[in-house]
Amino acid sequence: MTAPFTPSEIWYLLSRIPKGCVVTYGQLANMAGAPGYARVVGNILKQLPAGTDLPWHRVINGKGQISFPDGSSRYNLQKLRLEQEGVNISYGKVNLKAHQWHGE
DNA sequence: ATCATGACGGCTG
DNA sequence: TCAGCCGCCATGA
């Protein structure tokens, strides 16, 4: 827990992501003022309670892909939620140019 | 203290 | 464009 930011900071940033948009783990780290801490952001999302209201599904990796094994239940849930928000996913990848959120 | 493992990312062939 | 490989930081055995 020597990270330069706290889980609550990440939770706040998460709550700010507009519906229909996505951000990458590395982006959240940068927004928190901690370049290089992408994996740590992932650790924090991993610890979110199952029924959380935070839009964790709007976070994907830098390749525009969902960071869960293809076909796993979590993968399917994230994909479903994104598509319901109008995020286009083709060939397992999100069109970052079109949906990536760049800040307020 | 060391090693393996992640909801990661950048560089390279 | 894409698969490999390697670096990164935290956590748990």
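Being a predicted model, the structure only gives us computed values, none of them experimental. A note on names: the letters A, B, ... follow the listed sequences, proteins ahead of strands, and every chain is numbered from 1.
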task: Report which part of the nucleic acid A/Ala29 touches: base, sugar-phosphate, or nothing (heavy-atom distance under 4.0 Å, all strands).
output: nothing
query: Atom CG of A/Asn76 and atom P of B/dA7: how far apart are they, to the nearest Å?
result: 16 Å
- prompt: What is the distance, rounded to the nearest whole Å, between atom CD of A/Gln65 and atom C1' of C/dT1?
  reply: 12 Å
- prompt: At what distance, to the nearest 0.5 angstrom, does CD1 of A/Ile10 lie from CE of A/Met31?
  reply: 9.5 Å
- prompt: If you look at every heavy atom in A/Glu9 and A/Phe5, which pair is closest and at what distance?
  reply: OE2-CA, 3.4 Å
message: Just to be sure I understand the rule, does A/Tyr37 reach a base, reach only the sugar-phosphate, or reach nothing, if contact means heavy atoms closer than 4.0 Å?
response: sugar-phosphate
- line: Between CD1 of A/Ile44 and C1' of B/dC8 the distance, given in whole Å, is 13 Å
- line: Rounded to whole Å, the CD1-P distance (A/Ile60 to B/dA7) equals 16 Å
- prompt: Between A/Thr2 and C/dC9, is there a side-chain N or O to OP1/OP2 distance below 4.0 Å?
  reply: no
message: For C/dG12 and A/Lys46 - does any side-chain N or O of the residue sit under 4.0 Å from the phosphate oxygens OP1/OP2?
response: no
- prompt: How long is the line joining CG of A/Asn61 and P of B/dA7, in whole Å?
  reply: 12 Å
- prompt: Stepwise, does the side-chain contact (heavy atoms from CB on, under 4.5 Å) test hold for A/Leu77 with A/His57?
  reply: CA-CA 8 Å; A/Leu77 175 60; A/His57 57 279; over 6 Å; no
Side chain of A/Tyr25 (C-beta onward), nearest among C/dA10, C/dC2, B/dC8: B/dC8
task: Give a yes or no on whether the backbone of A/Tyr12 and the side-chain of A/Ser15 come within a donor-acceptor separation of less than 3.5 Å.
output: yes
statement: What one should report as the nearest heavy-atom pair of A/Leu48 and A/Leu54 is CD2-CD1, 4.0 Å
For atom NZ of A/Lys79 and atom C1' of B/dA7, their distance in whole Å: 18 Å
- prompt: Which whole-number value in Å describes the distance from A/Asn30 CG to B/dG10 C1'?
  reply: 13 Å
query: Separation of A/Arg81 atom CZ from B/dA7 atom P, in whole Å?
result: 18 Å
- request: Establish whether the base of B/dC8 is bridged to the side chain of A/Arg39 by a donor-acceptor pair shorter than 3.5 Å.
  value: yes
